[in-house]
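Written out below as structure tokens is the structure these notes cover.
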Amino acid sequence: KFIQRYGGKKLERVRELFEQCLAHVPDKFAKPLYLKYAQFEEDHGLARHAMAVYERATQAVRHQERYSMWQLYIKRAAHIFGVTYTRDLFAKALEDDRLADKHVRQIALQFASLETKLGEIDRARDVTENAAACLADHAALVAERIETLRCEAGERRIDSNVPTGADTPEDEVPIGEGDETARDET
């Protein structure tokens with residue numbers, strides 16, 4: 001009601017009220033409050049204050065809501081500051097040890113896709129390889145992404161340290177795993 005009544009006229013008082021609420025709210029009720037606070041900052045305050053609220057929210061919400069909070073934070077930052085600003089946010093999200101592996105993988109792929117769109121093929125490869133080191137059980141997905149990056153790089157050679165089998169020359173493929181001509185030679 002206070003925001004409806006005063007809008008952006010009493011910024012400091014609204015911030016105090018939000019901070020008092022957030023100091024005592026359980027994590028299962030934190031997300032809506034953080035979102036209201038960030039939206040208020042976007043509408044009436046400063047963009048950097050809104051980004052600080054989103055960042056705090058990524059650590060304060062329930063485990064199940066972290067991924068969606070990171071996604072929202074990255075989306076809003078891209079909208080306000082541009083996509084290059086999101087590089088640091090993607091890196092922070094990848095370092096969040098409370099995210100599930102499937103969410104880390106999705107964030108890593110989004111980050112690699114962003115780097116590819118920005119023409120930073122080497123950085124995209126590094127992000128993908130770092131994700132592979134963290135998520136060894138997803139080797140097939142990582143191998144597919146590295147192959148995509150190779151195609152996008154064109155003539156430039158992209159070396160990979162990920163043991164996916166995609167780097168093995170055809171003449172070194174063991175018999176039985178290659179094509180039919182390799183079987184006929186034996």
Side-chain angles (χ1 to χ4, degrees), residues 1-118 120 123-124 126-142 144-145:
K1 291 182 178 183
F2 191 87
I3 295 173
Q4 290 174 348
R5 183 172 186 174
Y6 293 105
K9 295 177 184 173
K10 297 191 178 205
L11 271 173
E12 290 305 315
R13 180 63 183 143
V14 173
R15 286 179 180 149
E16 281 179 30
L17 291 172
F18 273 118
E19 292 299 335
Q20 287 174 6
C21 291
L22 293 173
H24 303 292
V25 69
D27 62 352
K28 67 180 181 179
F29 301 118
K31 186 176 179 181
L33 278 174
Y34 275 104
L35 293 178
K36 280 190 178 289
Y37 190 9
Q39 187 62 50
F40 173 79
E41 287 292 348
E42 284 185 39
D43 293 342
H44 304 289
L46 299 173
R48 66 182 169 90
H49 285 280
M51 294 301 110
V53 171
Y54 283 123
E55 184 154 355
R56 285 175 48 202
T58 62
Q59 302 305 311
V61 298
R62 290 186 308 175
H63 178 73
Q64 302 92 325
E65 297 174 328
R66 277 181 176 246
Y67 175 70
S68 64
M69 200 68 236
W70 275 111
Q71 291 292 345
L72 182 62
Y73 180 22
I74 291 168
K75 180 181 173 184
R76 296 305 304 150
H79 177 75
I80 293 170
F81 295 114
V83 292
T84 55
Y85 182 86
T86 62
R87 284 177 166 157
D88 291 335
L89 302 182
F90 276 114
K92 287 179 185 178
L94 291 174
E95 292 172 3
D96 189 346
D97 59 346
R98 296 199 305 180
L99 278 175
D101 283 352
K102 67 181 183 178
H103 295 144
V104 172
R105 183 181 77 234
Q106 290 172 337
I107 289 172
L109 291 175
Q110 289 170 351
F111 190 16
S113 176
L114 170 71
E115 292 296 349
T116 303
K117 287 176 187 173
L118 295 174
E120 297 287 341
R123 286 183 73 160
D126 290 343
V127 168
T128 305
E129 287 179 353
N130 288 338
C134 296
L135 307 166
D137 58 334
H138 303 294
L141 179 66
V142 172
E144 178 183 314
R145 181 66 186 152

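Everything quoted here is computed from the prediction, not taken from an experiment.
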Taking Lys31 as the fixed residue, which of Leu33, Asp27, Leu35 is the one that meets the side chain to side chain contact (heavy atoms under 4.5 Å, CB included) rule? Leu35
Residue pair Glu115 / Phe90, side-chain heavy-atom distance below 4.5 Å: no
Quick one: pull up CG in Asp43 and CD in Gln39 and give me the separation to the nearest 0.5 Å. 4.5 Å
I'd like to know whether Val53 forms a side-chain contact (heavy atoms from CB on, under 4.5 Å) with His49, so could you lay out the CA-CA distance, the side-chain angles of the two residues, the decisive distance to 0.1 Å, and finally the verdict. CA-CA 6 Å; Val53 171; His49 285 280; 5.6 Å; no
Using 4.0 Å as the upper bound for N to carboxylate O, is an ion pair formed by Glu19 and Arg56? yes
Could you measure the distance from the CE atom of Met69 to the OH atom of Tyr34? Nearest 0.5 Å is fine. 9.5 Å
Check ion pair Lys28-Glu65 (N to O, under 4.0 angstrom): no
Indicate yes or no: at least one non-hydrogen side-chain atom of Glu41 is less than 4.5 angstrom from one of Arg15. yes
Verdict with reasoning, Met51 to Ile80, per side-chain contact (heavy atoms from CB on, under 4.5 Å): CA-CA 9 Å; Met51 294 301 110; Ile80 293 170; 3.5 Å; yes
Where do Thr86 and Ile74 come nearest, in terms of heavy atoms and distance? CG2-O, 3.5 Å
Side chains of Arg123 and Arg87: does their closest heavy-atom pair fall under 4.5 Å? yes
Working to the nearest 0.5 angstrom, can you tell me the gap between Lys75 NZ and His79 NE2? 9.5 Å
Determine whether Gln110 and Gln71 satisfy the following criterion, side-chain hydrogen bond (donor to acceptor under 3.5 Å, both in side chains), listing intermediate values before the conclusion. CA-CA 10 Å; Gln110 289 170 351; Gln71 291 292 345; 2.9 Å; yes
Minimal heavy-atom distance between Ala50 and Glu42, with the atoms involved, is CB-CG, 3.6 Å
Working to the nearest 0.5 angstrom, can you tell me the gap between Cys21 SG and Glu16 CD? 11.5 Å
Shortest non-hydrogen separation from Arg48 to Phe81 and the atoms involved: N-CZ, 4.3 Å
Which heavy atom of Ala108 sits nearest a heavy atom of Leu94, and at what distance? N-CD2, 3.7 Å
Taking every heavy atom of Ala91 against every heavy atom of Phe111, the minimum-distance pair comes out as N-CE2, 4.3 Å
What pair of heavy atoms forms the shortest contact from Ala112 to Ala124, and how long is it? O-CB, 3.5 Å
In a check of side chain to side chain contact (heavy atoms under 4.5 Å, CB included) between Ile107 and each of Leu89, Leu99, Val127, which one passes? Leu99
Look at the rings of Tyr54 and Tyr73 and say which category their plane angle falls in: under 30° parallel, 30 to 60° tilted, over 60° perpendicular. parallel
side-chain contact (heavy atoms from CB on, under 4.5 Å) for His103 and Trp70? Distances and angles first, verdict last. CA-CA 10 Å; His103 295 144; Trp70 275 111; over 6 Å; no
